Protein chains: 2
Amino acid sequence: MKKDAKKEPLCNSIAGEGCGLKKVINIVGGKWKIMILCVIDNNETVRYGELSRSIAGITNTMLANSLKELEKDGLVERKMYNEMPVRVEYTLTDKARSLIPILLELKKWGEDNL
Amino acid sequence: MKKDAKKEPLCNSIAGEGCGLKKVINIVGGKWKIMILCVIDNNETVRYGELSRSIAGITNTMLANSLKELEKDGLVERKMYNEMPVRVEYTLTDKARSLIPILLELKKWGEDNL
DNA sequence: CCGCATCCTAATAGATACTG
DNA sequence: CAGTATCTATTAGGATGCGG
């Protein structure tokens with residue numbers, strides 16, 4: 001008989017660095033990341049200006065920075081077309097799409113419990 | 001025939017306030033919350049001093065503040081015993097326990113994708 | 001149109017010392 | 001033992017203007 005089912009801990013590492021959970025929270029944390037992912041997810045592919053107009057209150061600084069981080073973290077793909085004037089389009093990566101369902105669970109939990 | 005399955009959006013509100021997902025991320029965000037929840041979850045019930053010793057680098061300021069917030073948000077329960085010296089024990093609430101499985105999914109995603 | 005550079009403010013986190 | 005109080009440092013976020 002087992003006395004206690006061995007539980008998976010939330011964090012593996014002693015100080016939290018290197019913990020997969022903390023990593024995820026860090027990359028989607030920030031003030032605008034979720035909103036940005038949301039708008040791209042709703043539209044499949046979105047231009048920079050459309051993002052800017054869709055997200056109330058965001059500044060160019062924050063939008064550009066957040067997009068760059070999301071791209072670096074592999075959640076967002078950036079495609080630039082050298083037309084005149086230039087056109088830049090953002091889409092979610094497969095990686096990001098695989099994350100969405102989990103975030104939706106989290107969202108539901110929040111709605112039910114907060 | 002339906003052209004497009006209606007998708008649940010990540011955020012409902014236009015500026016993100018009131019969005020269940022952002023609320024969750026806010027209450028477990030911060031620098032230490034996950035670690036604290038982890039230690040309590042691993043031990044069922046934990047004293048303040050044990051938390052302090054278990055979490056490398058945390059200060060009293062941050063530990064006390066974080067615990068107070070987690071308690072306010074209904075994730076952690078605080079029980080104080082008026083012995084001498086005093087003993088204070090922290091446990092997870094049912095609410096918090098229902099959140100853990102989702103956080104573990106997120107953790108697994110992070111380990112697989114980051 | 002799509003950003004970047006700079007400067008500035010606000011929010012978070014940490015150090016240290018002290019108390020019921 | 002289990003915290004507070006105060007002060008400082010660090011980081012995140014915002015405003016504004018310029019550039020390819």
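A quick note: this is a predicted structure, and the numbers were derived from the prediction, not measured. Below, chain A is the first sequence line, B the second, and so on; all start at residue 1.
Listed by chain and number, the residues in a side chain to side chain contact (heavy atoms under 4.5 Å, CB included) with A:Asn42 are A:Cys38, B:Pro9 (sequence neighbours excluded). B:Asp112 is linked by a side chain to side chain contact (heavy atoms under 4.5 Å, CB included) to B:Lys108, counting only residues two or more places apart in sequence or in another chain. With sequence neighbours left out, A:Asn60 forms a side-chain hydrogen bond (donor to acceptor under 3.5 Å, both in side chains) with A:Tyr48. Partners of B:Thr59 according to the side chain to side chain contact (heavy atoms under 4.5 Å, CB included) rule, which considers only residues two or more places apart in sequence or in another chain, are B:Thr61, B:Met62. Applying the side chain to side chain contact (heavy atoms under 4.5 Å, CB included) criterion to A:Lys79, with sequence neighbours excluded, gives A:Glu77, A:Tyr81. In this structure, the side-chain hydrogen bond (donor to acceptor under 3.5 Å, both in side chains) partners of A:Glu69, at least two apart in sequence or on a different chain, are A:Lys33.
Protein chain B touches strand DNA chain C; the 5'-most and 3'-most nucleotides with an atom under 4.0 angstrom of its non-hydrogen atoms are C:dA13 to C:dT16.
End-to-end axis angle of the helix from C:dC1-D:dG20 to C:dG20-D:dC1, using five pairs per end and rounding to 10°, comes to 50°.
Of the residues in residues 62-72 of chain A, A:Ala64, A:Lys68 come within less than 4.0 Å of DNA chain C through at least one heavy atom, sorted by number.
Closest to the B:Pro85 side chain, of the nucleotides D:dG14, D:dG3, D:dC1, is D:dC1.
When the P atom of D:dC1 is taken as reference, atom CZ of B:Arg53 falls 7 Å away, rounded to whole Å.
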Collect all protein-nucleotide pairs involving nucleotides 5-10 of chain D in which both atoms are nitrogen or oxygen and the distance is under 3.5 Å.
from, atom 1, to, atom 2, distance (Å)
D:dA5, N6, B:Thr61, OG1, 3.1

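A salt bridge (Lys or Arg N to Asp or Glu O under 4.0 Å) check over residues 38-60 of chain B, counting only residues at least two apart or in different chains, returns the pairs A:Lys7-B:Asp41. Residue pairs meeting the salt bridge (Lys or Arg N to Asp or Glu O under 4.0 Å) criterion with at least one member in residues 97-107 of chain B, sequence neighbours excluded, are A:Glu8-B:Lys107, B:Asp94-B:Arg97, B:Lys107-B:Glu111.
In this structure, B:Arg47 reaches the D:dA2 phosphate: one of its side-chain N or O atoms is under 4.0 Å from OP1 or OP2.
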